[in-house]
K.L.:
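One structure, pasted below without further comment.
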Amino acid sequence: MAEDQIIAPRASGAVAPDARRWQALVYIALAQLMVSVDSTIVNIALPSAQRALGISDSNRQWVVTAYMLAFGGLLLLGGRISDTIGRKRAFLIGVIGFGLASALGGLAVDSGMLLAARALQGAFGALLAPAGLSLLAVTFTEPGERAKAFGVFSAIAGSGSAVGLILGGVLTEYLNWRWSLFVNIAFAAVVVAGAIAVVRDEGNRPPREKLDIAGAVLSVAGIVALVYGFTLADSEGWTATPTLALFVACVVLLTLFVVVEKRSSTPLLPLRIVTERNRAGVFASQALAVITMFGLLLFLTYYFQEIRGYSPLMSGVAFLPMVAGMLIGAGQIASRMMPRMAPRWIMGPGFLVAALGMLMLTQLDVDSSYPLLVLPGQLLFGIGLGLAFTPAMSLATHGVADHETGVASAMINASQQLGGSIGTALLNTIAASTTAAWLVSHSGSGSNHADQAAVHGYAVAVWWTVGILLLAGVLIMLTNNLPRPRQDEKAMEDSTAVHM
């Protein structure tokens with residue numbers, strides 16, 4: 001067994017569990033919901049914000065991209081800061097900053113003010129997200145409780161994007177677009193008040209280490225280049241000179257980052273965190289899964305509003321089966337299976353169930369029945385992702401020392417962020433090119449003809465997601481070799497006894 005695999009969270013019973021740990025879970029999960037919701041809530045409100053602030057068509061994408069770039073680019077740095085200054089302190093700073101940035105965005109008087117606020121939201125989210133997950137990892141160490149806690153957390157984290165579409169539709173339709181940002185003030189106020197009272201940083205005190213400045217600069221620049229490259233590919237094309245230049249810059253910067261991390265005595269990202277086979281498989285499979293989730297959210301949003309003529313509110317409500325599926329898969333099924341089964345036997349079948357849901361949605365047509373096709377397809381997809389996400393959140397910090405749980409947590413968030421960026425750009429490109437080819441090869445004109453072409457493009461892209469989900473399932477079955485938790489816990493206790 002590799003050295004870092006035997007460095008595990010504190011054995012059950014080493015420290016009396018906090019009596020208020022379940023209350024702490026509520027506030028940690030609520031903070032994660034705030035961050036997850038914000039990845040999509042503005043999408044529904046964007047047309048209204050564009051009209052109100054006079055944002056040009058060429059600049060409107062930056063309302064979304066500014067958040068994605070800051071969040072994705074700063075995650076590793078946020079994780080390391082969390083490990084350095086303490087998880088609870090980083091968590092509170094992140095929540096307060098996120099709330100203030102949201103207030104700034106809600107008060108925006110021009111596009112520059114809104115874009116700056118969105119970037120600040122992403123930056124504070126990059127501090128908040130890994131701190132929250134690492135707090136969870138060191139608070140719940142008993143296998144049964146850990147499974148339940150991560151089941152709740154995973155259900156909320158996974159469904160947050162869909163919840164954002166629903167909430168954005170309600171706020172935009174009944175209030176105005178500014179409330180899609182102001183709502184975070186309420187989230188933040190509740191979380192800060194609750195976290196101060198009940199959240200405890202249960203891990204060991206973080207060692208005082210010098211921050212790896214070179215690694216931080218290279219990682220931020222490399223990840224920003226990658227995320228922006230995929231964003232630009234969506235609008236400019238995959239072979240456009242700026243797109244290719246960003247991908248080349250990403251490869252160079254991240255290669256230099258690896259070289260620096262190997263030589264650093266206090267690396268921003270200890271490479272053992274990503275090279276251990278179980279964690280590596282989890283990070284890769286999560287990126288693949290989120291590709292499919294963001295792709296489906298994109299296509300169904302267009303399908304509901306442009307093809308079926310749903311209002312923003314109705315299109316948000318139409319995503320409820322996916323949210324329900326994730327809650328069932330994570331909270332009702334995976335959390336009960338985790339203490340009894342090896343992780344790969346939960347995650348692998350989860351990806352298969354999600355693929356079956358997507359397989360149903362490949363049959364999407366202009367006049368497809370929502371209750372007979374779209375609803376069950378979303379439900380299966382949600383259940384499958386709930387099964388796959390829940391063990392992954394726990395495995396991200398498996399075998400990691402207390403003082404490195406922040407950066408390990410940042411990696412699972414970074415892999416999901418990367419998957420979201422790839423999914424939006426890659427699958428949208430596939431759908432657009434397929435739609436164009438269909439229009440060329442079929443005669444006719446009119447809105448119905450255009451609708452048929454668009455839905456055909458969506459269906460072809462969804463076929464790709466079926467393959468991606470199956471690949472994720474195969475990957476996790478091949479890379480994950482952990483036994484079921486109770487056996488693993490006993491092995492850790494035996495290992496501790498041997499080394500004492």
Side-chain angles (χ1 to χ4, degrees), residues 5 8-9 12 25 28-29 32 36 130 132-134 136-159 273-274 276-290 292-293 325-355 381-400 405 408-409 411-416 419 469-489 491-492:
Q5 284 183 272
S12 176
L25 170 63
I28 294 171
Q32 180 61 40
S36 299
L133 183 56
S134 58
L136 202 64
V138 298
T139 299
F140 293 91
T141 56
E142 191 276 321
E145 290 192 349
R146 186 179 178 90
K148 293 177 183 177
F150 276 95
V152 172
F153 185 87
S154 301
I156 290 174
S159 61
I273 288 177
V274 293
E276 194 272 322
R277 62 178 288 172
N278 291 284
R279 289 192 294 273
V282 165
F283 296 149
S285 68
Q286 289 298 289
L288 292 171
V290 176
T292 67
M293 184 177 74
M326 288 184 179
L327 294 173
I328 293 169
Q332 298 299 315
I333 302 176
S335 62
R336 298 182 182 185
M337 296 169 67
M338 282 175 63
R340 300 177 177 86
M341 298 181 67
R344 64 181 177 274
W345 295 114
I346 305 172
M347 296 180 68
F351 286 124
L352 179 59
V353 171
F381 179 72
I383 291 172
L385 284 196
L387 288 169
F389 280 176
T390 305
M393 291 295 184
S394 179
L395 291 174
T397 54
H398 169 79
V400 176
T405 55
S409 300
M411 275 303 304
I412 192 72
N413 281 281
S415 65
Q416 292 177 341
L469 286 166
L470 292 176
L471 175 62
V474 170
L475 181 65
I476 205 67
M477 295 300 290
L478 292 177
T479 59
N480 192 280
N481 63 356
L482 294 177
R484 64 190 180 96
R486 293 190 187 283
Q487 294 173 348
D488 191 39
E489 183 188 38
M492 287 190 292

K.L.:
Test: side-chain hydrogen bond (donor to acceptor under 3.5 Å, both in side chains). Region: residues 325-334. Which pairs qualify, not counting sequence neighbours?
P.N.:
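Of all non-adjacent pairs touching residues 325-334, those that pass side-chain hydrogen bond (donor to acceptor under 3.5 Å, both in side chains) are Q332-R336.
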K.L.:
Nearest 0.5 Å please: distance from the CZ atom of R277 over to the OG1 atom of T479.
P.N.:
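These two atoms lie 6.5 Å from each other.
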K.L.:
I need the N480 CG to W345 CH2 distance, nearest 0.5 Å.
P.N.:
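Taking CG in N480 and CH2 in W345, the distance rounds to 10.5 Å.
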K.L.:
Where is the tightest heavy-atom contact between R279 and I273, given as atom of each residue plus distance?
P.N.:
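Of all heavy-atom pairs spanning R279 and I273, the closest is NE-O, 2.9 Å.
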K.L.:
Supply the atom-to-atom distance K148 NZ to E145 CD, rounded to the nearest 0.5 angstrom.
P.N.:
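One gets 7.5 Å once the value is rounded to the nearest 0.5 Å.
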K.L.:
Ignoring hydrogens, what is the shortest heavy-atom contact between F381 and A354? Give both atom names and the distance.
P.N.:
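Taking F381 first and A354 second, the nearest heavy atoms are CD1-O, 3.7 Å.
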K.L.:
Hey, does F389 have a side-chain heavy atom less than 4.5 Å from the side chain of V290?
P.N.:
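V290 vs F389: side chains touch.
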K.L.:
Considering only heavy atoms from C-beta outward, does the side chain of F140 approach that of L25 to under 4.5 Å?
P.N.:
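Heavy-atom side-chain distance check passes, below 4.5 Å.
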K.L.:
Can you tell me how far CG of L136 sits from CD of Q32, rounded to the nearest 0.5 angstrom?
P.N.:
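Output value for this atom pair is 10.0 Å.
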K.L.:
Please report the shortest heavy-atom distance between S285 and M347, naming the atom on each side.
P.N.:
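S285 and M347 have their closest heavy atoms at OG-CE, 4.0 Å.
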K.L.:
Measure across P343 and L395 and return the closest heavy-atom pair with its distance rounded to 0.1 Å.
P.N.:
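Taking every non-hydrogen atom into account, CB-CD1, 3.7 Å.
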K.L.:
If you take all heavy atoms of R344 and I476, which pair is closest and at what distance?
P.N.:
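Taking R344 first and I476 second, the nearest heavy atoms are CB-O, 4.1 Å.
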K.L.:
Measuring from F153:CZ to L133:CG, what's the distance to the nearest 0.5 Å?
P.N.:
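Here the interatomic distance stands at 5.0 Å.
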K.L.:
Which heavy atom in L387 sits nearest to a heavy atom in G350, and how many Å separate them?
P.N.:
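L387 and G350 have their closest heavy atoms at CB-CA, 3.7 Å.
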K.L.:
Apply side chain to side chain contact (heavy atoms under 4.5 Å, CB included) to the pair I346 and T390, showing each step before the final yes or no.
P.N.:
CA-CA 9 Å; I346 305 172; T390 305; over 6 Å; no
K.L.:
Between N481 (side chain) and N278 (backbone), is there a donor-acceptor pair under 3.5 Å?
P.N.:
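Pair absent, no side-chain N/O of N481 close to backbone of N278.
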